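Nothing here was measured: the structure is a model prediction, and the numbers come from that model. Residue numbers start from 1 in every chain, and the chains themselves are labelled A, B, ... in the order their sequence lines are given, proteins ahead of strands.
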Protein chains: 2
Amino acid sequence: MSDLNISKTSTTHRPVTCENCNLDNLCIPKGLDRQEIGEVALLVNRNNIRHKGEAIYHAGSPFRGMIALRSGSAKLTSFDQDGNELVVAFILPGEIVGFDGLATQIHNCTAIALETVNYCHLPAHKIEQLSLNTPSLVNVLLQRSCDELDSQVQKLLMSRRSAEKRVANFILNISERLRVRGYSELEFRLSMSREEIGNHLGVTHETVSRIIQLFQSRKLIEVKSKQLRIMDKKELFNYLQLAH
Amino acid sequence: MSDLNISKTSTTHRPVTCENCNLDNLCIPKGLDRQEIGEVALLVNRNNIRHKGEAIYHAGSPFRGMIALRSGSAKLTSFDQDGNELVVAFILPGEIVGFDGLATQIHNCTAIALETVNYCHLPAHKIEQLSLNTPSLVNVLLQRSCDELDSQVQKLLMSRRSAEKRVANFILNISERLRVRGYSELEFRLSMSREEIGNHLGVTHETVSRIIQLFQSRKLIEVKSKQLRIMDKKELFNYLQLAH
DNA sequence: ACATTTTTTTGATCTAGCTCAATTTTCTAA
DNA sequence: TTAGAAAATTGAGCTAGATCAAAAAAATGT
């Protein structure tokens, strides 16, 4: 497990495929057996790049397939009828997007790179093909999509709580997701803007900024621009339990 | 199509199975071929009853399987760490619940009857069994679960708008879902309390009540206790487009 | 390195919707 | 049918977070 971080920062000479990818335990192949992973591996396009602000797919366009971020992060957005953006989710390295096109075969959301991202792509037409000789793939996708549904419920619960709690939870949520994927859980870069955080949480960017300053003044976190360090995780966590 | 309503109100002598169920085009079998429906039909438990306030399944308990309401409606709720209830969704006749247990095999939510309900039940252990000889079932479930995900995004978008718009949208949403299932879209019973509506929409029951009165005073709807009639659907719909 | 733009911070006010409180209406069970 | 309980309505403040505004800091391109 200790080579996880190494392989994450250094480039190996052998091309990375699903079989030797350090994401294998988190990515689509999770739950598939050796042979099945091989079949998926054959159909995945690797090493796709998008730069900051570029779209990986657009709402309204035909389902592109499933996307796994290998590095960099992205935002998943939707637009209401007046064109107001809604940040539905942030996608961190190692995470998967694309479910928003799976049901209707038309993307419901737009995925935009928040910084340069490198991603793997399992194209839509190959998913059908795969599901014939690798039926458990569909099971895996179903699993993932229900996972997403569960986390939506958590978001809904959180959306009823105070702005302070939403921000505290947001920081802890990013931290946890990075930890699971082998990154530092206490120090990381918030690659999204205050505006995007606020939009996602349902508060204004001014409120996000004020709360971040408040947490800093209480020595819960330390922030230098987009770089964030959690100083008192326990206390930050306690925040969520308190009344109000 | 005209016999749809008849079969909905009268009881047929032949027992209703998936093959002759009037929900077949909305329920789990949708997307399956004749033979596959037959296989599902063999495994479904029909005619389960729950009375008002009784749970169909509980959060924390093992995945029961998928549930299709044949009559009556239910609420899907979750609880935060302080035991506060969150109404995640309302389930109308003809709709399906259970996805909240599919990923982890433990229910994430509690489903409670809002009035006497009659439901079909595809038990969890039979889903696995089915997915072996009826692989497209998993595809269908995946489809449904992604549909749910899409509608979650719509809910999130709505949750950013004013309380008035949320209530207007709620009424139109229930209306549309009833219409799709062959019920009257303009006159129906809101079987949930104002408290439950408010909880679901993220406003207090007082606010729900005030807004319902407002809509009534503007001749958009007519309300007698739980019975609701939409008088000016077009105008109610316009409400959603307006600024604010 | 510097000029321009974008993002973030901070302050001062305002308001939608909450809370608290008091009736009134509807539901429920004997 | 009726008493008691639960739900809904209506009114009157109150407050968390929005909005507006202006300065400071950071990012970006040349």
Phosphate contact (D:dA7 OP1 or OP2) by B:K226 side-chain N/O below 4.0 Å:
no

B:S193 side chain N/O closer than 4.0 Å to the phosphate oxygens (OP1, OP2) of D:dA6?
no

Ranking D:dT9, C:dT8, D:dG17 by distance to the side chain of B:R194, first place goes to D:dT9

Is any side-chain heavy atom of A:E187 closer than 4.5 Å to one of A:Q227?
yes

Heavy atoms from C-beta onward define the side chain here; which of D:dA18, C:dC27, C:dT8 lies closest to that of A:S209?
C:dT8

Give the nucleotide from the list C:dG17, C:dT10, D:dT28 with an atom nearest to the side chain of A:K52.
D:dT28

Selected nucleotide, minimal atom distance to A:E206 side chain, candidates D:dG17, D:dT19, D:dT10
D:dT19

Rounded to the Å, how far apart are A:I212 CD1 and D:dA26 P?
14 Å

Mind telling me whether A:F215 and A:Y239 have parallel, tilted or perpendicular rings, with 30° and 60° as the class edges?
perpendicular

State whether a side-chain donor-acceptor pair under 3.5 Å links A:R64 with A:H121.
yes

Nearest nucleotide by nearest heavy atom, which residue falls closer to the 5' end of DNA chain D, A:R166 or B:H205?
B:H205

Length of the CG-C1' vector between A:N199 and D:dA18, whole Å:
15 Å

In whole Å, what is the span from the CG atom of B:L190 to the P atom of C:dC27?
13 Å

Do the side-chain N or O atoms of A:R210 get closer than 4.0 angstrom to the phosphate oxygens (OP1, OP2) of C:dT10?
no

Is the distance from OP1 or OP2 of D:dA18 to the nearest side-chain N or O of A:T207 less than 4.0 Å?
yes

If you compare every side-chain N and O of A:K224 against the phosphate oxygens of D:dA26 (OP1, OP2), does one of them come in below 4.0 Å?
no

Have a look at A:G198 and say if it touches a base, only the backbone sugar-phosphate, or nothing, with a 4.0 Å heavy-atom cut-off.
nothing

Which whole-number value in Å describes the distance from B:L214 CG to D:dT10 C1'?
14 Å

Here the distance between atom C1' of D:dA27 and atom CG of A:L114, to the nearest Å, is 15 Å

Can you tell me if the side-chain N/O atoms of A:S225 get under 4.0 Å from OP1 or OP2 in C:dT7?
no

For the residue pair B:F170 and B:F90, categorise the inter-ring angle as parallel (less than 30°), tilted (30 to 60°) or perpendicular (more than 60°).
perpendicular

Specify the separation, in whole Å, of atom CZ of B:R160 and atom P of D:dG17.
14 Å

Can B:N169 and B:N173 be counted as having a side-chain donor-acceptor contact under 3.5 angstrom?
no

Taking OP1 and OP2 of C:dC18, is either one under 4.0 Å from a side-chain nitrogen or oxygen of B:T204?
yes

